[in-house]
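Down below is the structure, laid out as structure tokens.
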2 protein chains.
Amino acid sequence: MGLKLTSHIEDYLETIIMLHKKKRVVRVRDISRKMGLSMPSVCAAIKVLSKNGLVNHEKYGYIELTKQGENLGERIYDSHKILIKFLKEILNTDFRTAEKDACKIEHGISGNTVKRLIAFVKFVETCPHPEGADWLKSFNYFYKYGKRPKEGKVRKIREKS
Amino acid sequence: MGLKLTSHIEDYLETIIMLHKKKRVVRVRDISRKMGLSMPSVCAAIKVLSKNGLVNHEKYGYIELTKQGENLGERIYDSHKILIKFLKEILNTDFRTAEKDACKIEHGISGNTVKRLIAFVKFVETCPHPEGADWLKSFNYFYKYGKRPKEGKVRKIREKS
DNA sequence: AAAGAAAGTTAGTCTAATCTAATATTACTA
DNA sequence: TAGTAATATTAGATTAGACTAACTTTCTTT
């Protein structure tokens, strides 16, 4: 099972998955707009995806995901989502930064690391309240003031930059 | 302050910083070996770094970092270290995976996210023992068994794959 | 100090990913 | 349904980053 895609090509696949979830039908133009790339660039990428059996596409038609393409795309998209979650909900970075960073990070990261990250996010989310308050709130306090909150000290801390 | 480097060029700079810490003197061959790239590739990269005022290099000579190159390189290297720390010590991935993943992740990640990650790692490390045992051990238990350990249940869990 | 080995450079090629301009097809609308 | 607008494709250029082969310089060893 070779199938070596570049991270750029994976980006296209991920975008197709995302569009597919919303639109049911995906065209070159949609991808082009979403990714901010020219249509010829998209065309070229589609050809590569097609050659690798990840999409079906006949000239001037819609772009359909094959089963394989859907599987791989979902996997990539899952990494994306977990990263976003980690960046936004745990590190508490702002939305735009999280999106930008996730895109940079997600490719090439090993499956195992993603698995661990997923577990980690779950672990943190289900964390009991060890310090008399929510664990994540404690982190935000820590980030802001450089020290841990005293028992019962944490209220709401909104700090996004 | 423009100075737009590609992530590949940043990789070279980071390698130079790392070598510099150990060897005091850095040559093309060292970089080539460390990165597993040909010497001509390194030469080309050095030219770019040189044009951007990050290294001084005269033909057939050693490669010296300028002040600016050192500053930027250190910054990049710091991100690298914090990522490694997060991957290895918190997510508990094995050494090789951590190194590989850190390389993929580190470029393009925003300064703010790195700052938050640094704080996060510190926060976790200084975590009191809320569950009757070390927090990270609890995570490893959670990763392995999919549920939180009961009070006083966590011993050593070595699980690296 | 001369010869051979190691390191560094130059020249030229290749691939991936982008673009613009031009052309072709399909869709809309008057 | 004919004409225009939107979409898609092809052709061709550019850039970055890598390579090999060939050449030059420096180092080492006898």
Side-chain angles (χ1 to χ4, degrees), chain A residues 2-16 19-20 22-65 72-73 76 100 103-104 106-108, chain B residues 2-16 19-20 22-65 72-73 76 100 103-104 106-108:
Chain A
L3 190 58
K4 259 278 182 298
L5 300 179
T6 65
S7 63
H8 286 193
I9 292 297
E10 287 185 353
D11 278 332
Y12 286 98
L13 189 58
E14 186 184 320
T15 302
I16 293 168
L19 290 169
H20 193 63
K22 298 199 173 168
K23 307 195 57 175
R24 211 70 235 165
V25 135
V26 178
R27 288 163 308 165
V28 172
R29 180 87 255 194
D30 301 323
I31 302 169
S32 154
R33 270 202 253 268
K34 178 92 179 181
M35 299 182 77
L37 297 173
S38 72
M39 291 210 288
S41 302
V42 175
C43 269
I46 296 299
K47 263 186 199 147
V48 174
L49 287 170
S50 180
K51 275 209 188 83
N52 283 282
L54 298 164
V55 301
N56 292 130
H57 181 227
E58 51 193 54
K59 265 196 181 182
Y60 299 100
Y62 295 135
I63 293 149
E64 310 271 0
L65 286 158
L72 178 56
I76 294 166
K100 204 168 60 60
C103 286
K104 301 293 179 66
E106 68 198 347
H107 298 294
Chain B
L3 189 58
K4 259 276 182 295
L5 299 179
T6 65
S7 63
H8 286 193
I9 293 297
E10 287 185 353
D11 277 333
Y12 286 98
L13 188 59
E14 185 183 321
T15 302
I16 293 168
L19 290 169
H20 193 63
K22 298 200 173 168
K23 308 195 57 175
R24 211 70 235 166
V25 136
V26 179
R27 288 163 308 165
V28 172
R29 181 87 255 193
D30 302 323
I31 302 170
S32 154
R33 269 202 254 268
K34 178 91 178 182
M35 299 183 77
L37 297 173
S38 72
M39 292 211 288
S41 301
V42 176
C43 268
I46 295 299
K47 263 186 199 147
V48 174
L49 287 170
S50 181
K51 276 209 188 82
N52 283 280
L54 298 165
V55 303
N56 292 129
H57 182 228
E58 50 193 53
K59 265 194 179 183
Y60 300 102
Y62 296 135
I63 293 150
E64 311 271 1
L65 287 158
L72 178 57
I76 293 166
K100 204 167 60 59
C103 286
K104 301 293 179 65
E106 67 197 347
H107 297 295

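Proteins get letters first, then strands, A, B, ... in listed order; numbering begins at 1 in each. What's counted below: heavy atoms across the whole structure, side chains too, no hydrogens, waters or symmetry copies.
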Rounded distance in Å - [atom1] ([X]) to [atom2] ([N]):
{"X": "Y62(A)", "N": "dA8(D)", "atom1": "OH", "atom2": "P", "result": "9 Å"}
{"X": "Y60(B)", "N": "dA5(C)", "atom1": "OH", "atom2": "C1'", "result": "15 Å"}
{"X": "E58(B)", "N": "dT9(C)", "atom1": "CD", "atom2": "C1'", "result": "15 Å"}
{"X": "I46(A)", "N": "dA17(C)", "atom1": "CD1", "atom2": "C1'", "result": "14 Å"}
{"X": "H57(B)", "N": "dT25(D)", "atom1": "NE2", "atom2": "P", "result": "14 Å"}
{"X": "M39(B)", "N": "dA5(C)", "atom1": "CE", "atom2": "C1'", "result": "12 Å"}
{"X": "I9(B)", "N": "dG17(D)", "atom1": "CD1", "atom2": "P", "result": "5 Å"}
{"X": "K4(B)", "N": "dA16(D)", "atom1": "NZ", "atom2": "P", "result": "14 Å"}

Taking side chain as C-beta onward, heavy atoms only, is [X] less than 4.5 Å from [Y]?
{"X": "I46(B)", "Y": "Y12(B)", "value": "no"}
{"X": "L19(B)", "Y": "I63(B)", "value": "no"}
{"X": "L3(A)", "Y": "L72(A)", "value": "yes"}
{"X": "L37(B)", "Y": "I31(B)", "value": "no"}

**OP:** Report which part of the nucleic acid Y12(A) touches: base, sugar-phosphate, or nothing (heavy-atom distance under 4.0 Å, all strands).
**Re:** sugar-phosphate
Original post:
Touch check for S41(B), heavy atoms < 4.0 angstrom, all strands: base, sugar-phosphate only, or nothing?
Top reply: base
Given [N], is OP1 or OP2 found less than 4.0 Å from the side-chain N or O atoms of [X]?
{"X": "R33(A)", "N": "dT7(D)", "answer": "yes"}
{"X": "H8(B)", "N": "dA16(C)", "answer": "no"}
{"X": "K59(B)", "N": "dT24(D)", "answer": "no"}
{"X": "K47(B)", "N": "dT10(C)", "answer": "yes"}
{"X": "S32(B)", "N": "dA7(C)", "answer": "no"}
{"X": "S38(A)", "N": "dC19(C)", "answer": "yes"}

Original post:
So which nucleotide from dT9(C), dA8(D), dA16(D) ends up closest to the side chain of T6(B)?
Top reply: dA16(D)
Original post:
Closest to the P40(A) side chain: dT25(C), dT9(C), dA21(C)?
Top reply: dA21(C)
Original post:
Given that R29(B) and G36(A) both sit by DNA chain C, which one's nearest nucleotide is further toward the 5' end?
Top reply: R29(B)
Original post:
When rounded to the nearest 0.5 angstrom, what is the spacing between CD1 in I76(B) and CG in D11(B)?
Top reply: 8.5 Å
